[in-house]
There are 2 protein chains.
Amino acid sequence: MTAAKRAIADALVASAIDLAADELTRRVQSTRPEISPSTVYRVLDEFEELAIVEHAHLGHGATVYHLAGVPHGHLVCTGCGLSFEVPAELFDPLARDLLERYGFTLDRHHVAVAGLCERCRARDQDRRADPSH
Amino acid sequence: MTAAKRAIADALVASAIDLAADELTRRVQSTRPEISPSTVYRVLDEFEELAIVEHAHLGHGATVYHLAGVPHGHLVCTGCGLSFEVPAELFDPLARDLLERYGFTLDRHHVAVAGLCERCRARDQDRRADPSH
DNA sequence: CTAAGTGCAAATAATTTGCAACATG
DNA sequence: CATGTTGCAAATTATTTGCACTTAG
């Protein structure tokens, strides 16, 4: 294994949450500034083929990556942009339904659904109740 | 209402499926070649604010747009790239769950989940059974 | 008229690719 | 030493923005 791969793997292990390639590159470069973004993308691709890493698409934002082995879905708030990781089992009933009705096999660790978090929901309702709009 | 908006609205009404801004621009330009992509993006934004149009993110592909009023979710096959529209009610149980457990209000018409369609699933299993890999 | 809307070209952002230099086994 | 890896710069794709010009009301 090469130095670049080592550094990228380390950064992935060290981070608790999903990271965009962008952010991952920044972290890797804090130790090894010579490692280029393209290498990060290439290594991530390779890691994915080896099933070491998985990615998900969070709305319009950049693709995020995380170590495989901790399956989880994502809730993305369209109000504030924050995203939350939730256990993959939450999607099991849906997965069963999709398989039965459409023959579609849901990829649970790749799921990101949009909506409003509690806070943004509340703010939205206030706005609707408020006459000034 | 301006000519550009009229043309874009017409193209949206005429298309049965969700379109990327890219494809929508192409269709609009087949009639009015002078209409620029930036106008398409700007008008789509405006239509969204008026709740005439909604968008969804299908995996790593471009954002797709469709007329509001026909709520539906999307299944995106990571094998062949095809996407399927499914009734929004399919996500109601999940929506209920997310609200109860996380206070998260699912945006049903904005949902796109990844997985494998029947055909790609089958191909995948074949590949796994086949010794040549 | 006058503000809103538009075309065009340039700017961003995320990602990919070509290629020559380099490191690893 | 042969091959797989990398860094860098340039190319791509999707989208946004600045700005001068046009058009609808």
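Below, each value reflects all heavy atoms present in this structure, side chains not excepted, and no hydrogens, waters or symmetry copies. Naming: A, B, ... by sequence-line order, numbering from 1 per chain.
- Summary of the strand contacts: B:Y41 and B:A3 both lie near DNA chain D, and taking for each the nucleotide with the nearest heavy atom, the more 5' one is attributed to B:Y41.
- Ranked by how close their nearest DNA chain D nucleotide is to the 5' end, A:V40 and B:Y65 are led by A:V40.
- In this structure, CG of B:D22 is placed 15 Å from P of D:dT12, rounded to the nearest angstrom.
- Rounded to whole Å, atom P of C:dT6 lies 12 Å from atom CG of B:L44.
- We find that NE2 of A:H60 is positioned 13 Å from P of C:dT15, with the value rounded to whole Å.
- Counting to the nearest Å, the P atom of C:dT6 and the CD atom of B:Q29 are 14 Å from each other.
- Distance B:E48 CD to D:dT16 C1': 15 Å, rounded to the nearest Å.
- Residue B:T39 has a polar side-chain atom (N or O) positioned under 4.0 Å from OP1 or OP2 of C:dG7.
- Among the nucleotides C:dT6, C:dG7, C:dA14, the one closest to the side chain of B:K5 is C:dT6.
- Backbone-only contact: B:T63 has heavy atoms under 4.0 Å from sugar-phosphate atoms and none from a base.
- Taking the six-membered ring where the residue is Trp, A:F84 and B:F104 present perpendicular rings, their angle passing 60° and hence far from 30°.
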Pair A:H72-A:R108, side-chain contact (heavy atoms from CB on, under 4.5 Å): steps then yes or no: CA-CA 7 Å; A:H72 59 266; A:R108 297 182 317 167; over 6 Å; no
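- Taking the side chain of A:T2 as heavy atoms from C-beta on, and the options D:dT15, D:dC8, C:dT24, the nearest nucleotide is C:dT24.
- Ion pairing between A:R96 and A:D92 fails under the 4.0 Å rule for side-chain N and carboxylate O.
- Of the candidate nucleotides D:dT16, C:dG5, D:dT6, C:dG5 has the atom lying nearest to any side-chain atom of B:E46.
- The residues B:R27 and B:E23 are annotated as salt-bridged, a charged nitrogen and a carboxylate oxygen being separated by less than 4.0 angstrom.
- A distance-only check finds no donor-acceptor pair linking the side chain of A:H66 to the backbone of A:V53 [under 3.5 Å].
- Rounded to an integer number of Å, the gap from A:I35 CD1 to C:dA23 P is 13 Å.
- Here the C1' atom of nucleotide D:dG7 and the CD1 atom of A:I8 are 12 Å apart, to the nearest Å.
- A donor-acceptor contact under 3.5 angstrom links the side-chain atoms of A:R42 to the base of D:dG7.
- Atom pair A:R6:CZ and C:dT24:P shows a separation of 13 Å (rounding to whole Å applied).
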